[in-house]
Amino acid sequence: MDRNVLPSVPVQPRSIDDYVAAAGEQAVERVRQAAAPLQGARVLNLSSTAFGGGVAELLHNQVALFNGLGLDSTWHIIHGSDEFFTITKMVHNALQGAE
């Protein structure tokens, strides 16, 4: 594998209409309106894994929904050493209020 290229996670677009039953038509319409000015915007998501954990669970749905709303959302996996991920976990925890 070429370590200079971040592997992508394939995600199929999801229609906002899939959420009408759970969220209601008014909420779905507000999401459509909020997304309209962002049509074609590029969103890059990075994570350390494509499965397991909250980030991966969220990104599977978020990337799919963003693409379904007309944004150009991609998801890539970063690689690093154990030391790299120890530091990123410390930063993550600090941003959530840990010492």
Side-chain angles (χ1 to χ4, degrees):
M1 174 173 63
D2 184 351
R3 300 293 284 182
N4 294 319
V5 176
L6 298 175
S8 65
V9 179
V11 178
Q12 295 298 315
R14 174 176 281 165
S15 173
I16 188 68
D17 294 330
D18 294 344
Y19 295 89
V20 170
E25 184 60 46
Q26 287 182 332
V28 167
E29 184 55 32
R30 285 194 305 270
V31 171
R32 278 192 193 100
Q33 290 174 2
L38 302 173
Q39 295 280 313
R42 185 158 191 220
V43 180
L44 171 63
N45 300 277
L46 296 172
S47 70
S48 60
T49 184
F51 57 89
V55 171
E57 289 181 22
L58 291 171
L59 286 177
H60 275 287
N61 291 309
Q62 177 182 301
V63 171
L65 186 56
F66 280 6
N67 286 327
L69 287 165
L71 285 76
D72 178 12
S73 186
T74 58
W75 176 12
H76 295 270
I77 304 300
I78 58 173
H79 297 285
S81 65
D82 288 343
E83 293 84 6
F84 172 79
F85 288 114
T86 297
I87 297 299
T88 62
K89 187 64 170 178
M90 291 171 65
V91 170
H92 168 93
N93 290 338
L95 290 171
Q96 292 186 352
E99 292 186 18

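Predicted model, so just to flag it, every value in this text is computed and none were measured.
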Inset, instruction - For residues Q12 and N67, determine if any side-chain heavy atom of one lies less than 4.5 Å from a side-chain heavy atom of the other. - result: no

Inset, instruction - Hey, could you give me the OG1/CG distance between T74 and N45, rounded to the nearest 0.5 Å? - result: 6.5 Å

Inset, instruction - Mind checking the CZ-CD1 spacing from R30 to I16? Nearest 0.5 Å is all I need. - result: 11.0 Å

Inset, instruction - Check whether more than 12 heavy atoms from other residues, nucleotides or ligands sit under 6.0 Å from atom CD of Q33, and answer yes or no. - result: yes

Legend entry - Joint hydrophobic cluster, V55 plus L58, side-chain heavy atoms closer than 4.5 Å: no

Run the side-chain donor-acceptor check on residues 87-96: report pairs under 3.5 Å with partners two or more places apart or on a different chain.
from	atom 1	to	atom 2	distance (Å)
T88	OG1	F85	O	3.0
N93	ND2	K89	O	3.4

Inset, instruction - To the nearest 0.5 Å, tell me how far H60 NE2 sits from W75 CH2. - result: 3.5 Å

Inset, instruction - Specify the closest pair of heavy atoms between G68 and P13, including all atoms of both residues, with the distance to one decimal. - result: N-CB, 4.0 Å

Inset, instruction - Identify the residue among V63, L38, L65 that makes a side chain to side chain contact (heavy atoms under 4.5 Å, CB included) with L71. - result: L38

Legend entry - I77 vs S47 side-chain heavy atoms within contact, under 4.5 Å: yes

Legend entry - Student check: side-chain heavy atoms of R14 and Y19 closer than 4.5 Å: yes

Inset, instruction - Taking the side chain as every heavy atom from C-beta outward, state whether L59 and V9 have any pair of such atoms under 4.5 Å apart. - result: no

Legend entry - Q62 (side chain) donor-acceptor with E57 (main chain) under 3.5 angstrom: no

Legend entry - Joint cluster assignment, V28 & F66, ILVMFWY side-chain distance < 4.5 Å: yes

